[in-house]
> 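Take this structure first; my questions come after.
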Protein chains: 2
Amino acid sequence: MISASLEDYLEFIHNTILEKKEIKAIDISKAFNISRPSVSEALIRLADMDLIIYEGRKGIKITKKGIEQAKKTVKKHQILSDFFVEILMIDKQTAEKNACKIEHVIDDEIIEKMKKYKESKLKNNEQS
Amino acid sequence: MISASLEDYLEFIHNTILEKKEIKAIDISKAFNISRPSVSEALIRLADMDLIIYEGRKGIKITKKGIEQAKKTVKKHQILSDFFVEILMIDKQTAEKNACKIEHVIDDEIIEKMKKYKESKLKNNEQS
DNA sequence: ATAAAAAGTAAGGAGTACCTAACAATGATA
DNA sequence: TATCATTGTTAGGTACTCCTTACTTTTTAT
């Protein structure tokens with residue numbers, strides 16, 4: 001199993017590549033406020049797990065497997081955050097912060113139920 | 001901050017004392033499937049944090065501070081599990097398993113909203 | 001072109017949470 | 001009472017995730 005930290009980094013790598021086409025180790029260092037050596041280490045671990053291809057200064061590429069993994073996390077994050085905001089009326093910031101932590105431990109089953117619950121709730125509101 | 005593991009052990013200590021009046025290190029070892037030395041170590045850390053009083057074979061006592069802490073966790077656990085079962089229709093076992101993990105990372109604010117949401121939902125069902 | 005800044009790596013350290021093997025103390029029992 | 005099982009501790013080890021300090025490599029700017 002991938003750890004919460006590594007999952008966070010992978011998620012960030014994925015999102016950043018989508019947004020800006022590329023990412024460097026230093027970006028992760030800045031985003032998470034961790035030292036450059038810690039990033040190096042984390043990237044080596046992600047590469048060991050075949051989630052990224054890391055060739056030092058030559059750049060960071062995300063593998064197919066890494067994209068799958070990252071997408072799963074992003075989806076969980078999104079559904080959690082939306083559920084908190086739209087159903088529980090939590091403020092956006094708190095919702096995001098908590099989604100970031102819960103996404104690493106919650107089962108897919110609950111995520112799916114949250115999604116369906118939200119969808120049916122919104123449908124009901126349209127009708128009224 | 002207390003770690004998820006220590007919080008689990010403290011929760012178990014609290015629940016067991018309520019149920020059976022006393023608890024021994026070996027009970028924790030069996031309950032969580034961790035070695036006796038690991039339990040020793042964890043109990044020393046909990047004692048360092050003034051959450052328990054640990055005097056080896058003389059027994060484990062939970063402090064006032066420890067009870068507060070444990071109660072908070074138990075409450076979070078209960079509300080999460082109930083919310084999953086009653087609102088999201090998750091099966092009891094999955095609900096419990098996930099509550100065990102999420103209770104360590106979720107903010108009080110969301111727990112309170114979950115509780116209120118569930119209460120108002122149940123009230124509405126009574127009326128209909 | 002060279003000096004300085006930026007980015008990355010290597011080496012070594014710390015804390016947490018586990019482990020096993022071996023030992024000590026306590027308790028039960030034959 | 002002597003022995004054996006149970007419980008707990010000590011010592012030493014692993015893996016993870018972070019750190020700092022001190023390098024090297026690359027890029028940038030003068």
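Model, not experiment: these values are computed from the prediction. The chains referred to below are lettered A, B, ... by the order of the sequence lines, with proteins before strands, and numbering in each begins at 1.
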> Tell me the interatomic distance from Ile28(B), atom CD1, to dC18(C), atom C1', rounded to whole angstroms.
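Rounded to the whole Å, the gap is 15 Å.
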> Select one nucleotide: of dC18(C), dG8(D), dC18(D), the one nearest the side-chain heavy atoms of Ser38(B).
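So the side chain of Ser38(B) is nearest to dC18(C).
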> Hey, does the side-chain of Arg57(B) have a donor or acceptor N/O within less than 3.5 Å of a partner on the base of dT7(D)?
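Answer yes: a donor N or O sits under 3.5 Å from an acceptor.
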> Indicate, with a heavy-atom threshold strictly under 4.0 Å, whether Ser3(A) touches base, sugar-phosphate, or nothing.
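It contacts sugar-phosphate atoms only.
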> Can you confirm whether Glu96(B) sits close enough to Lys92(B) that some side-chain heavy atom of one is under 4.5 Å from a side-chain heavy atom of the other?
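They are in contact (side-chain heavy atoms under 4.5 Å apart), so the answer is yes.
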> Quick one: does Glu41(A) reach the base of dC16(D) with a side-chain donor-acceptor pair under 3.5 Å?
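No such pair is found, so the answer is no.
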> Does Glu112(B), at its CD atom, have more than 12 non-hydrogen atoms belonging to other residues, nucleotides or ligands within less than 6.0 Å?
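More than 12 heavy atoms, drawn from other residues, nucleotides or ligands, come within 6.0 Å of this atom.
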> Atom CZ of Phe32(B) to atom C1' of dA17(C): distance rounded to whole Å?
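Nearest whole value for this atom pair: 14 Å.
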> Starting from P on dC18(C), measure out to CG on Asp8(B) and report it in whole angstrom.
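One finds 9 Å between P of dC18(C) and CG of Asp8(B), rounded.
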> Starting at CZ of Arg45(B) and ending at C1' of dC18(C), how long is that distance when rounded to a whole Å?
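Taking atom C1' of dC18(C) as the reference, CZ of Arg45(B) is at 9 Å.
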> Base, sugar-phosphate or nothing for Tyr9(B)? Non-hydrogen atoms, less than 4.0 Å.
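Contact class for Tyr9(B): sugar-phosphate only.
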> Hey, which of Lys72(B), Gln78(B), Lys76(B), His77(B) is the one that makes side chain to side chain donor-acceptor pair (under 3.5 Å) with Glu103(B)?
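Passing option: His77(B).
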> Would you say Ser35(B) places a side-chain N or O within less than 4.0 Å of OP1 or OP2 belonging to dC19(C)?
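Checking Ser35(B) against dC19(C): at least one side-chain N or O falls below 4.0 Å of OP1 or OP2.
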> Starting from P on dA25(C), measure out to CD1 on Ile26(B) and report it in whole angstrom.
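After rounding, the reported distance stands at 18 Å.
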> Under 4.0 Å between any heavy atoms, over every strand shown, what does Tyr54(A) touch: base, sugar-phosphate, or nothing? Just pick one.
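Sugar-phosphate, no base atom in range.
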> Figure out the NZ/C1' separation between Lys58(A) and dT26(D), and round it to whole Å.
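Result: 13 Å.
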> When you compare the side chain of Leu10(B) with that of Ile62(B), does any pair of heavy atoms fall below 4.5 Å?
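Yes, their side chains come closer than 4.5 Å.
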> Between Ser5(B) and dC18(C), does any side-chain N or O lie under 4.0 Å from OP1 or OP2?
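Ser5(B) to dC18(C) OP1/OP2: side-chain N or O found under 4.0 Å.
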> May I have the distance from Glu7(B) (atom CD) to dT16(C) (atom C1'), rounded to whole angstrom?
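Value for this atom pair: 15 Å.
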> Between Lys101(B) (side chain only) and Val105(A) (backbone N and O only), is there a donor and an acceptor less than 3.5 Å apart?
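Yes, Lys101(B) side chain to Val105(A) backbone: donor-acceptor pair under 3.5 Å.
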> Determine the contact category for Asn33(A): base if any of its heavy atoms lies under 4.0 Å from a base atom, sugar-phosphate if only primed atoms, P, OP1 or OP2 are that close, otherwise nothing.
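The answer is sugar-phosphate, as Asn33(A) gets under 4.0 Å only of primed atoms, P, OP1 or OP2.
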> Roughly, in whole Å, what's the span from NZ in Lys24(A) to P in dA5(C)?
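Rounded to the whole Å, the gap is 17 Å.
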> Judged by each residue's nearest nucleotide on DNA chain C, which is more toward the 5′ side, Arg36(B) or Ala42(B)?
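Result: Ala42(B).
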> So which nucleotide from dA21(C), dC16(D), dT16(C) ends up closest to the side chain of Pro37(B)?
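So the side chain of Pro37(B) is nearest to dA21(C).
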